[in-house]
Amino acid sequence: MQFDIPEIIKGYAQGYFLMANSPDNRLGWYTSRERALIPLDARFRYPKSLQRVLNQDRFTVAINRDFAAVVEGCADRKTTWITRELKDIYWELYLTGWAYSFETWQGNELAGGILGIVIGGAFIGESMFYQIPDGSKVAMVKLVERLRQCQFVLFDAQMNNPHLERFGAYIVSNSEYKELLQKALYRRCSLHKPIIPDS
């Protein structure tokens, strides 16, 4: 199946996101009156118990070491909006340099990860999962550190929940989100290397 990747990126760049709708699993574009963001400034926080885990250095971090496994991990739940078609779209976005998996590993075992799409200075988080306790939490902390280092403008979590609130997630209106997104689109950022300031 062929997908129009430029049109898909255009949809995300306009503030929409893809999701399969129950019960027929038909894929469609969605938006929301409110969006959840993970702060990239001092508002970002995490539980003290997680700091102890971070201090233990039990996990290593990788980008795109096993993208397909992260997608499968994110989709592996009783109720999922990540259908076969959406998996294929994520794979095409990965092959064309738009989609990323930010992963934690314990030895040679995938501990957890965050699936996202990078457009300019925006990291659009699609989903996250873990298969070793604290795997996704450590991924969240390390991803925020990387996004700050690489001077990203926003980390879009799409929909808020109590888990994300523990990291300082906050709500903005759709109009505020689109303003931030437009600012982000003009920034050229890479997850792989920090921006080096002009001397």
Side-chain angles (χ1 to χ4, degrees), residues 5-47 50 70-71 73-83 85-87 89-90 93 98-102 112-130 136-148 150-187 189 191:
I5 297 301
E7 279 299 308
I8 290 172
I9 293 302
K10 182 179 177 181
Y12 278 98
Q14 291 175 341
Y16 297 93
F17 55 90
L18 284 170
M19 181 181 280
N21 186 26
S22 297
D24 58 1
N25 284 335
R26 183 174 296 177
L27 202 60
W29 286 105
Y30 292 84
T31 188
S32 175
R33 287 179 292 181
E34 297 181 331
R35 293 293 272 262
L37 302 182
I38 304 295
L40 299 178
D41 54 21
R43 291 173 291 178
F44 181 73
R45 62 180 186 270
Y46 50 86
L50 184 55
V70 171
V71 173
C74 290
D76 185 18
R77 55 194 73 187
K78 287 184 179 180
T79 302
T80 183
W81 48 271
I82 302 177
T83 59
E85 184 182 10
L86 194 47
K87 289 178 186 178
I89 287 173
Y90 287 147
L93 289 171
W98 297 103
Y100 290 83
S101 58
F102 194 87
I114 299 172
L115 170 66
I117 295 168
V118 171
I119 307 176
F123 183 91
I124 302 168
E126 292 287 281
S127 187
M128 61 192 297
F129 89 106
Y130 73 92
S136 62
K137 295 176 186 176
V138 171
M140 175 71 80
V141 174
K142 294 298 184 180
L143 175 56
V144 167
E145 289 177 359
R146 179 61 63 91
L147 295 178
R148 286 170 170 170
C150 297
Q151 299 184 23
F152 274 70
V153 174
L154 68 87
F155 181 170
D156 176 13
Q158 296 181 352
M159 299 178 186
N160 206 4
N161 59 50
H163 174 69
L164 294 178
E165 286 176 353
R166 298 177 72 190
F167 292 92
Y170 63 101
I171 296 294
V172 296
S173 67
N174 191 43
S175 60
E176 289 175 293
Y177 171 75
K178 287 187 174 181
E179 285 181 17
L180 279 171
L181 182 58
Q182 287 303 307
K183 180 182 176 183
L185 295 179
Y186 287 101
R187 184 76 60 89
C189 296
L191 271 186

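Hydrogens, waters and symmetry mates are skipped; everything else that's a heavy atom, side chains included, is used. Position 1 is the first residue of the sequence; numbering continues from there.
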Checklist entry - Looking at residues at least two apart in the chain, or sitting in another chain, which of them share a salt bridge (charged side-chain N to carboxylate O under 4.0 Å, His left out) with R43? => result D41
Next on the checklist: To the closest 0.5 Å, what do you measure between CD (Q158) and OG (S32)?
Outcome noted: 9.5 Å
Next on the checklist: What's the separation between atom OG in S173 and atom CD in E34, rounded to the nearest 0.5 Å?
Outcome noted: 8.0 Å
Checklist entry - Looking only at side chains, do Y12 and E126 share a donor and an acceptor under 3.5 Å apart? => result yes
Next on the checklist: Between P47 and R166, is there a side-chain heavy-atom distance shorter than 4.5 Å?
Outcome noted: yes
Next on the checklist: Taking salt bridge (charged side-chain N to carboxylate O under 4.0 Å, His left out) as the cut-off, I'd like each qualifying pair that reaches into residues 177-186, sequence neighbours left out, listed once.
Outcome noted: none
Checklist entry - Should the heavy atoms of other residues, nucleotides or ligands under 6.0 Å from CZ of F44 be counted, would the total exceed 12? => result yes
Checklist entry - Given the rule in the side-chain contact (heavy atoms from CB on, under 4.5 Å) test, do F167 and V141 qualify, once you have shown the distances and angles that lead to the verdict? => result CA-CA 9 Å; F167 292 92; V141 174; 4.2 Å; yes
Item to check | Closest contact, heavy atoms only, W29 versus I8 | outcome: CH2-O, 3.3 Å
Item to check | Rounded distance [0.5 Å steps], NZ in K137 versus CG in L50 | outcome: 7.0 Å
Checklist entry - So, do F129 and D76 sit near enough that their side-chain heavy atoms are less than 4.5 Å apart? => result no
Checklist entry - Stepwise, does the side-chain contact (heavy atoms from CB on, under 4.5 Å) test hold for V71 with L86? => result CA-CA 10 Å; V71 173; L86 194 47; over 6 Å; no
Item to check | Distance (rounded to the nearest 0.5 Å) between K87 NZ and C74 SG | outcome: 10.5 Å
Next on the checklist: Return the CD1 to CD distance between I171 and E176, rounded to the nearest 0.5 Å.
Outcome noted: 10.5 Å
Checklist entry - Looking at CH2 of W98 and CD1 of I5, how far apart are the two atoms once the value is rounded to the nearest 0.5 Å? => result 10.0 Å
Checklist outcome for this item: What one should report as the nearest heavy-atom pair of G15 and Y177 is CA-CE2, 3.9 Å
Checklist outcome for this item: Shortest non-hydrogen pair, M19 vs Y30, comes out as O-CE1, 3.3 Å
Next on the checklist: Are Y186 and V153 packed together at the side-chain level, in the sense that at least one heavy-atom pair is separated by less than 4.5 angstrom?
Outcome noted: no
Checklist entry - Under 4.5 Å between any side-chain heavy atoms of H163 and M140, yes or no? => result no
Checklist entry - With a 4.5 Å limit on heavy-atom distance, are the side chains of R146 and F152 in contact? => result no
Item to check | Residue list, ring-ring contact (aromatic ring centres under 6.0 Å, His included) with F17, at least two apart or on another chain | outcome: none
Item to check | C150 to L191 - nearest heavy-atom pair and separation | outcome: SG-O, 4.1 Å
Item to check | Exercise: identify the closest heavy-atom pair between I38 and A157 | outcome: CG1-CB, 4.0 Å
Next on the checklist: Closer than 3.5 angstrom, by distance alone: can the side chain of R35 be matched with the main-chain N or O of D156 as a donor-acceptor pair?
Outcome noted: no
Item to check | Minimum heavy-atom distance A122-L181, with the two atoms named | outcome: CB-CD1, 4.0 Å
Checklist entry - Taking only residues two or more places apart in sequence or in another chain, which ones pass ring-ring contact (aromatic ring centres under 6.0 Å, His included) with Y90? => result none
Item to check | Residues that F123 engages under ring-ring contact (aromatic ring centres under 6.0 Å, His included), provided they are two or more places apart | outcome: F155
Item to check | Residue list, salt bridge (charged side-chain N to carboxylate O under 4.0 Å, His left out) with E145, at least two apart or on another chain | outcome: K142
